[in-house]
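Let me begin by presenting the structure, written as structure tokens, before commenting on it.
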Amino acid sequence: MLEGMNDRQYEAATHKEGPLLIIAGAGSGKTRVLTHRIAYLIEEHKVNPFNIMAITFTNKAAAEMRERIDKIVGFGSESIWVMTFHSTCVRILRRHIDNIGYDNSFTIYDTDDQKSVMKAVFKKLNIDPKQLKESTVLKEISRAKDELLGPDDYASTYAADYSKRRIVECYREYQETLRRNNALDFDDLIRFTVALFRACPEILENYQDRFKYIMVDEYQDTNTAQFTFVKMLADKYRNICVVGDDDQSIYKFRGANIQNILNFEKVYRDTKVVKLEQNYRSTQSILNVANAVIANNTGRKGKKLWTAREDDEPVYFRAFENAREEAIEIGSEIASYKRRGIADFKDIAILYRTNAQSREFEEYFVHENIPYQLVGGVNFYARKEIKDLLAYLKTVDNARDDLQVKRIINVPKRGIGLTTVTKISDFADNNDMSFYAACKIADEIPGLGKASAKINSFVEMIETYKNALQETTILDVIKQLIEDTGYIEEIRAEDGERADEREENIGELLSKIKSYEDEHPENTLSDFLEEVALVSDLDSVDENDSRVLLMTIHSAKGLEYPICYVSGMEEGIFPSYMTINSGNDDDIEEERRLAYVAFTRAMNRLTITYAKARMIRGETQYNPVSRFVREIPTEYLKGELPRNKFRIDEDYDDNSSPRSFFKENPFGGNDDGFIPRKYSFQSKPVASPVVKKHEMTQAEAKAKLDTMTKGIQKISDSNELGYGVGDRVRHIKFGVGTVLELKEGPRDYQVTVDFDDFGKKIMYANFAKLKKE
DNA sequence: CCATCCACGTTTTTT
DNA sequence: ACGTGGATGG
């Protein structure tokens with residue numbers, strides 16, 4: 001079983017008891033070590049699989065580990081807990097959270113829900129969103145929760161800090177709202193589990209006795225709350241094994257505390273430390289590049305990757321005029337690899353710093369029929385139409401969550417407006433009941449008038465589905481629901497542009513529900529909703545699909561690809577201007593670690609690219625080559641670096657630049673005949689410029705001109721409106737004024753009137769109902 | 001209550 | 001460049 005392991009791996013895999021810290025460089029086979037250690041414990045030391053737990057950060061990592069454990073352990077492996085931090089905590093809380101005053105059927109709020117809550121909080125506390133941003137407060141709260149500070153702890157910690165007073169109030173109100181809705185946000189999942197353990201020692205002990213052996217993956221990314229959670233669990237038996245790489249700590253912005261790994265040996269004095277430095281993934285050239293860059297960081301544990309691999313090829317650097325050219329060149333290269341049989345699409349990944357950078361690639365790939373899958377961006381379950389339908393399901397499942405009920409009470413429009421909602425909401429608050437409970441007795445709420453009938457039929461509808469759920473499947477209920485509410489029709493009416501895509505998303509949701517029900521026939525709607533709350537885009541990646549992957553470097557962590565492009569290596573992009581401006585060396589170091597993560601994703605061929613010009617937020621930026629590229633000794637790179645060093649070099653003579661055929665023919669020809677296939681649920685990129693710049697024929701131009709002039713003539717006759725430019729007109733509200741201009745708009749005349757008492761107004765003639773004086 | 005327009009911020013990364 | 005949310009008028 002342990003055959004073929006190197007000495008260090010063997011040492012780690014056969015460690016039996018006591019704390020173990022494995023510093024595992026990128027590609028050093030840490031998952032292998034973890035899974036083998038589990039197998040070893042079971043076989044050699046007769047540890048009951050029931051007593052083992054492995055915790056990861058992502059579902060994908062958990063799934064991968066699960067698979068490998070199942071393979072190597074065999075019988076009994078299913079009783080090992082292999083889960084993410086969040087799902088572990090949910091599982092524990094579902095069982096015991098009633099001990100700390102929540103209902104076990106709590107719901108989980110995503111970022112979007114949090115924002116809605118905070119908005120309501122601002123309204124209630126009369127806070128002007130211009131002075132204090134919701135996102136700022138939420139971020140602050142999240143940081144506090146990462147540090148296990150509840151509203152009271154937070155208040156006392158910052159009691160002296162006057163500037164935090166408002167935030168304290170927001171935190172209190174926010175948490176109170178979540179409580180009322182029986183909801184927890186992501187951070188609460190961890191925090192409340194710790195709180196539960198603190199409040200109920202007997203429950204904690206129960207879990208301590210269960211999980212005698214604990215392994216934590218990606219340990220460098222843990223925050224204080226997660227660390228505390230793990231530490232509490234491990235405190236009785238101290239069989240805690242953590243695996244991590246301080247050089248790959250890239251989640252500080254999310255509260256990760258790099259000290260957790262740096263100080264592990266101080267917390268656990270008798271820690272055994274094993275360093276894995278042999279890399280089994282990449283060529284020596286790739287490792288040289290990665291090592292050279294990360295060597296610029298201070299405060300590392302220190303480690304140098306090496307490989308026994310003999311085959312090698314250079315790391316390429318390529319500079320382009322702009323982001324489009326970057327996309328075209330990378331895309332054409334990929335197409336040619338495929339054509340020449342050098343690589344399949346599934347061997348290739350394109351990495352970038354920010355999600356916005358995916359756009360150019362998508363446009364070109366769609367145009368050239370290069371299959372791709374975009375990971376990240378807007379999470380599938382965060383899309384509006386999906387959230388709407390899920391809000392319906394949540395309401396049907398458990399109408400305790402006011403946020404969800406309010407979200408859908410008027411979607412699609414059924415004539416229940418803000419006024420009505422506010423009245424019901426106030427009534428509910430005053431009578432200490434949930435919003436939905438108040439809806440149920442709408443007739444008794446004063447001042448609702450005709451609206452109460454509409455509320456009643458809404459409640460009736462929800463109740464019908466509730467009953468239906470007893471008899472039939474979730475799929476049938478949601479299908480019925482979509483039909484009854486006319487949701488699809490609403491989408492079509494609302495925006496023709498993206499209606500197709502949104503419909504596709506709904507179709508996708510239906511098939512996800514179907515496969516969920518097929519796979520877990522015994523599970524309830526609540527189970528489904530819970531699973532959905534914790535999945536991410538990355539989880540939908542299927543290794544066997546033949547497509548190029550597009551994703552941020554953060555998403556790519558832990559993954560590997562034979563061919564990798566790390567794009568957008570420019571100052572201001574990577575490192576981001578935010579980090580550059582902060583002037584904080586720690587922030588730059590975190591970016592450098594990110595670069596290290598990026599480079600070490602590549603197995604055989606790494607290409608680093610740079611674009612001289614790039615559109616950012618509607619503005620063209622000219623950025624110098626990233627400092628991280630400058631940190632690579634030139635002998636490790638094949639390709640010429642622009643001469644500019646941290647500034648723009650105006651007269652840079654660019655003859656090393658590749659052909660830029662997009663000037664004549666933006667996307668070149670396509671002679672490959674790839675099967676067109678859309679792998680991504682992501683929004684379809686807009687039509688390529690070729691299509692967009694459809695030249696108007698002369699005849700069309702003339703026709704267009706005709707219609708336009710016709711409009712003008714009509715106006716000058718002063719005809720069907722009964723008035724023209726210069727006439728005096730009367731408006732119901734604004735009184736008398738002079739018509740300054742008449743313009744034909746898309747469906748109506750636009751009238752500009754200078755009113756004697758109200759000044760200049762532009763209005764539509766149809767609505768304005770002006771009368772000639 | 002709804003449709004429309006405009007101003008504004010957003011984009012560094014996410015379980 | 002793009003989407004969102006507030007203001008506005010009917």
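Throughout, protein chains are lettered first and strands after them, A, B, ... in sequence-line order, and every chain is numbered starting at 1.
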Interatomic distance where CE belongs to A/M578 and C1' belongs to B/dT11 [whole Å]: 8 Å
B/dT15 OP1/OP2 closer than 4.0 Å to side-chain N/O of A/K60: no
Nearest-0.5 Å distance that lies between atom SG in A/C89 and atom CG in A/D188: 11.0 Å
Sugar-phosphate only, base, or nothing, as touched by A/T419 at under 4.0 Å among non-hydrogen atoms: sugar-phosphate
Length of the line joining A/R254:CZ and B/dT12:P, which is rounded to integer Å: 18 Å
Length of the NZ-P vector between A/K115 and B/dT10, whole Å: 8 Å
Rounded distance (Å) that lies between atom C1' of B/dC2 and atom NZ of A/K454: 12 Å
Euclidean distance, atom CG of residue A/N581 to atom C1' of B/dT12 [Å, nearest integer]: 13 Å
Sugar-phosphate only, base, or nothing, as touched by A/N410 at under 4.0 Å among non-hydrogen atoms: sugar-phosphate
Nearest-nucleotide pick for A/K133, side chain only, options being B/dT13, C/dG5, B/dT10: B/dT10
Spacing of A/E362 atom CD relative to C/dC2 atom P, expressed in whole Å: 13 Å
Salt-bridge criterion met for A/E570 and A/R614 (N-O under 4.0 Å): yes
Among B/dT14, C/dG5, C/dC2, the nucleotide that comes nearest once only the side chain of A/R359 is considered: C/dC2
Per A/R353 side chain, nearest of listed nucleotides B/dT14, B/dT13, B/dT15: B/dT13
A/I455 CD1 to B/dC1 C1', straight-line distance once rounded to whole Å: 14 Å
A/T552 side-chain N/O to B/dT14 phosphate OP1/OP2 under 4.0 Å: yes
Sugar-phosphate only, base, or nothing, as touched by A/F186 at under 4.0 Å among non-hydrogen atoms: base
Salt bridge (charged side-chain N to carboxylate O under 4.0 Å, His left out) involving A/K387 - partner list, sequence neighbours excluded: A/D110, A/D112, A/D113
Closest to the A/T420 side chain, choosing from B/dT14, B/dC1, C/dC2: B/dC1
Ignoring hydrogens and angles, write down the donor-acceptor pairs under 3.5 Å from the side chains of residues 417-426 of chain A, residues two or more places apart or on other chains.
unit_1: A/T422; atom_1: OG1; unit_2: A/L418; atom_2: O; d: 2.7
unit_1: A/K423; atom_1: NZ; unit_2: A/G447; atom_2: O; d: 3.0
unit_1: A/S425; atom_1: OG; unit_2: A/K406; atom_2: NZ; d: 3.2

Ring-base stacking, A/F253 with B/dT13 (5.5 Å, 30° cut-offs): yes
Note: A/K30-A/E218 ion pair, threshold 4.0 Å (strictly below): yes
Phosphate-side-chain proximity, A/Y577 and B/dT12, N/O vs OP1/OP2 below 4.0 Å: yes
Touch class at under 4.0 angstrom, heavy-atom based, for A/S576 against every strand present: base
Under-4.0 Å side-chain N/O to phosphate OP1/OP2 contact, A/N355 with B/dT13: yes
Sugar-phosphate, base or nothing in reach of A/E591, heavy atoms under 4.0 Å: base
Of A/S135 and A/H86, the one whose closest DNA chain B nucleotide lies more 5': A/S135
Euclidean distance, atom CZ of residue A/R592 to atom P of B/dT13 [Å, nearest integer]: 21 Å
The single option from A/K557, A/R254, A/R593 passing salt bridge (Lys or Arg N to Asp or Glu O under 4.0 Å) against A/D221: A/K557
Sugar-phosphate only, base, or nothing, as touched by A/K252 at under 4.0 Å among non-hydrogen atoms: nothing
